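So the structure is just underneath, and the comments pick up after that.
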Amino acid sequence: MERRELDEARLQGQAEIWRYMFSFADSMALKSAVELRIADIIYSYGGTATSSQIASCINDSLTSPDITTLAHIMRLLVRRKIFTIHPPSNSGDLLYNLTHSSRWLLHDSEQTLAPMVLMQNHPWQMAPWHYFSQCVKEGGVAFKKAHGCEIWDLASRNLDFNKLFNDSMACTSKFVTSAILSGYRQGFNSIGSLIDVGGGIGCFISEIVKVYPHIKGVNFDLPHVISMAPAYNGVSHIDGDMFHAIPNTDVIIMKWILHDWDDEDCIKILKNCKKAIPKENGKVIIIEIILKEDGSGVFDEIGFIVDLAMIAHTNGKERTEVEWKKILEGGGFFHYKIINIL
């Protein structure tokens, strides 16, 4: 390598470290945009709004918004293509537009990630990330090191955290369900009864039953979660603990549950699933990420990031197909079929 190429490579390497060092700025700018409802404000103006219009809607009548700080936040989010910007309007203000990305930040949309942005970037959820090196040195769960208890224990005794967590899970159920119903279209036709194990406040199972009203749907979760679940047509709520027993049913469905637990706990859950379904034609539907080391799909990179999130917040992990096969067989399931859904 020539001297000039070597110098350029070193500079590029340094630039990348700076970028990763401050990558949290992207998350914080995104979080502030959600907290200030900037996407909602722009949407209320028909999809295009000036900085003055945005600022006027942020004003809470007690204080005046800092337009300079807002402009700096928006400048980064425009560079990240969360919003787009156009030349000044007649008033001299810059015009901001929504993009395909910022439409996922609309609070009242059926397809929103706003509650998930708030949950993942809340100090309660961010604190465990600072314990990674300690976990490497001495083991243990990062969340417990940060807060003195497991995430499920905090949710059971802190109503604010419980709501934050449940809302984030509920928001993903709506659009994930449509993808599942499309990708597994024929799978629900012959199901008589279906239990959503770890179903939160019931959004996921309610969406399934809405499309397949012949299914007797049950939402199964811990008592403090079920206590906050609203009523849905065709869905009954049952509280309990999947580590102790799961009610009998034709089919069990679990969305983003097993990745919260280590292999030993996953096998316990799967064994209880096997006890709850018929021996002949019982079935367990699992919606999870399958890590692909060389994957180039649109969400493959996210899988490895979520893997670290599991280490930060739970005692779980994301898994490759080989790792999934291991725990499935450990739980007594020797036959499985993978259906890829976007």
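What you see is a predicted model, and the numbers here were worked out from it, not measured in a lab.
The main-chain N or O of L98 is never found under 3.5 Å from a side-chain atom of S102 such that the two would form a donor-acceptor pair. In this structure a side-chain-to-backbone donor-acceptor pair under 3.5 Å is missing from S51 to D93. Side-chain atoms of D300 come within 3.5 Å of backbone atoms of S296 as a donor-acceptor pair (strictly under, hydrogens ignored). Looking only at distances, a side-chain donor or acceptor of S56 sits under 3.5 Å from a matching main-chain atom of Q53. Within the 3.5 Å criterion, the main-chain N or O of Y131 finds no donor-acceptor partner in the side chain of Q134. A donor-acceptor pair under 3.5 Å links the side-chain atoms of D221 to the main chain of G200, judged by distance alone. A donor-acceptor distance shorter than 3.5 angstrom exists from the side chain of H214 to the backbone of N189, with no hydrogens or angles considered. Here the side chain of T249 pairs a donor or acceptor atom with the backbone of S193 at under 3.5 angstrom. A donor-acceptor pair under 3.5 Å links the side-chain atoms of H259 to the main chain of W256, judged by distance alone. Listed for the T314 side chain is a donor-acceptor partner under 3.5 Å among the backbone atoms of D260.
Around the NZ atom of K145, the shell of radius 6.0 Å holds more than 12 heavy atoms that belong to other residues, nucleotides or ligands. The local environment of NZ in K31 is crowded, with over 12 non-hydrogen atoms from other residues, nucleotides or ligands closer than 6.0 Å. Around the CD atom of E16, the shell of radius 6.0 Å holds more than 12 heavy atoms that belong to other residues, nucleotides or ligands. Atom CZ of R19 sits in a crowded spot, with more than 12 heavy atoms from other residues, nucleotides or ligands closer than 6.0 Å. Atom CD of E301 has 12 or fewer heavy atoms from other residues, nucleotides or ligands within 6.0 Å. With a 6.0 Å radius and a threshold of 12 heavy atoms from other residues, nucleotides or ligands, L159 has its CG atom at or below the threshold. Atom CZ of F188 has more than 12 heavy atoms from other residues, nucleotides or ligands within 6.0 Å. Shown here is E138, whose CD atom has more than 12 heavy atoms of other residues, nucleotides or ligands within 6.0 Å.
Under the 4.5 Å side-chain criterion, counting only non-hydrogen atoms from C-beta, L164 is in contact with H122. In this structure, I286 and L328 have side chains that are in contact, with non-hydrogen atoms separated by less than 4.5 Å. Inter-residue side-chain proximity for I54 and T50 is flagged as unmet; no heavy-atom pair is nearer than 4.5 Å. Contact annotation: the side chain of V218 never approaches that of V235 to less than 4.5 Å [non-hydrogen atoms, C-beta and beyond]. At a threshold of 4.5 Å between non-hydrogen side-chain atoms, the residues Y232 and H237 count as touching. Using a 4.5 Å cut-off on side-chain heavy atoms (C-beta onward), E150 and D153 make contact. For the pair F304 and E318, the minimum side-chain heavy-atom distance is 4.5 Å or more. Side-chain atoms of I208 and T177, non-hydrogen and from C-beta on, do get closer than 4.5 Å to each other.
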* List the steps and the verdict of ring-ring contact (aromatic ring centres under 6.0 Å, His included) for F143 and W129. => CA-CA 8 Å; F143 195 94; W129 291 83; over 10 Å; no
* Given the rule in the side chain to side chain contact (heavy atoms under 4.5 Å, CB included) test, do L222 and I226 qualify, once you have shown the distances and angles that lead to the verdict? -> CA-CA 6 Å; L222 293 167; I226 294 299; over 6 Å; no
* Asked: Stepwise, does the side chain to side chain contact (heavy atoms under 4.5 Å, CB included) test hold for D26 with R80?
  -> CA-CA 8 Å; D26 292 339; R80 295 293 181 263; 2.9 Å; yes
* Asked: Does the pair I85 and N97 meet the rule for a side chain to side chain contact (heavy atoms under 4.5 Å, CB included), with working shown?
  -> CA-CA 6 Å; I85 196 169; N97 289 77; over 6 Å; no
* Does the side chain to side chain contact (heavy atoms under 4.5 Å, CB included) test come out yes or no for N248 and I277, once each step is laid out? -> CA-CA 6 Å; N248 291 336; I277 59 175; over 6 Å; no
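Ion pair K317/D263 flagged as a salt bridge, since at least one NZ, NE, NH1 or NH2 atom sits closer than 4.0 Å to an Asp/Glu carboxylate oxygen. In this structure, R3 pairs ionically with D7, as a charged nitrogen and a carboxylate oxygen lie closer than 4.0 Å.
Note: F333 and W324 fail the aromatic proximity criterion, with ring centroids not under 6.0 Å apart. Checked against a 6.0 Å centroid threshold, the rings of W261 and F243 count as neighbours.
Summarising the geometry, atom CG belonging to L194 is positioned 9.5 Å from atom NZ belonging to K283; distances are rounded to the nearest 0.5 Å. Rounding to the nearest 0.5 Å gives a distance of 8.5 Å between CG of D40 and CG of L105. Here the straight-line distance linking atom NZ of K326 with atom SG of C266 works out to 11.0 Å at 0.5 Å rounding. Atom NE2 of residue H313 and atom CD of residue Q120 lie 5.5 Å apart, to the nearest 0.5 angstrom. For the atom pair CZ (F83) and CD1 (I73), the distance works out to 10.5 Å, reported to the nearest 0.5 Å. Taken to the nearest 0.5 Å, the CD1 atom of I38 stands 6.0 Å off from the OG atom of S32.
The hydrophobic cluster containing I327 also contains I246, counting ILVMFWY residues as joined when their side-chain heavy atoms lie under 4.5 angstrom apart, directly or transitively. L77 is connected to L106 through a chain of hydrophobic side-chain contacts under 4.5 Å among Ile, Leu, Val, Met, Phe, Trp and Tyr, so both are in one cluster. Criterion: ILVMFWY side-chain heavy atoms under 4.5 Å apart, direct or through other members. Under it, V176 and F299 are not part of a common hydrophobic cluster. Linking ILVMFWY residues whenever their side-chain heavy atoms come closer than 4.5 Å, directly or via other members, leaves I311 and M119 in distinct clusters. I151 and V306 sit in two unconnected hydrophobic clusters of ILVMFWY residues. Membership requires side-chain heavy atoms under 4.5 Å apart, directly or through other members.
Side chains of T99 and T84: a donor-acceptor N/O pair is absent below 3.5 angstrom, by distance only. When only modelled atom types and interatomic distance are considered, N158 and N162 share no side-chain donor-acceptor pair under 3.5 Å. Side-chain contact of E207 with Y212: a donor-acceptor pair under 3.5 Å is absent, judged by distance alone.
Between C135 and G140, the shortest heavy-atom contact is SG-O, 3.7 Å. The shortest heavy-atom contact between I269 and M242 is CD1-CE, 3.6 Å. Of all non-hydrogen atoms in H224 and A155, the two that sit nearest each other are CD2-O, 3.6 Å. Between I290 and T320, the shortest heavy-atom contact is CG2-C, 4.1 Å.
Relative ring orientation between W152 and F165 is described as perpendicular, the plane-to-plane angle rising above 60° on a 0-90° scale split at 30° and 60°. Relative ring orientation between F22 and W18 is described as parallel, the plane-to-plane angle staying below 30° on a 0-90° scale split at 30° and 60°.
The side chain to side chain contact (heavy atoms under 4.5 Å, CB included) with N121 is formed by just one residue from the set M126, E35, M116; it is M126. Residue I253 is tested with V197, I191, I195, I287 for a side chain to side chain contact (heavy atoms under 4.5 Å, CB included); the sole match is I287.
For the pair K325 and Y336, the cation-pi criterion (under 6.0 Å, within 45° of the ring axis) is not fulfilled. The side-chain tip of K255 points at the ring of F204 from less than 6.0 angstrom away and within 45° of straight on.
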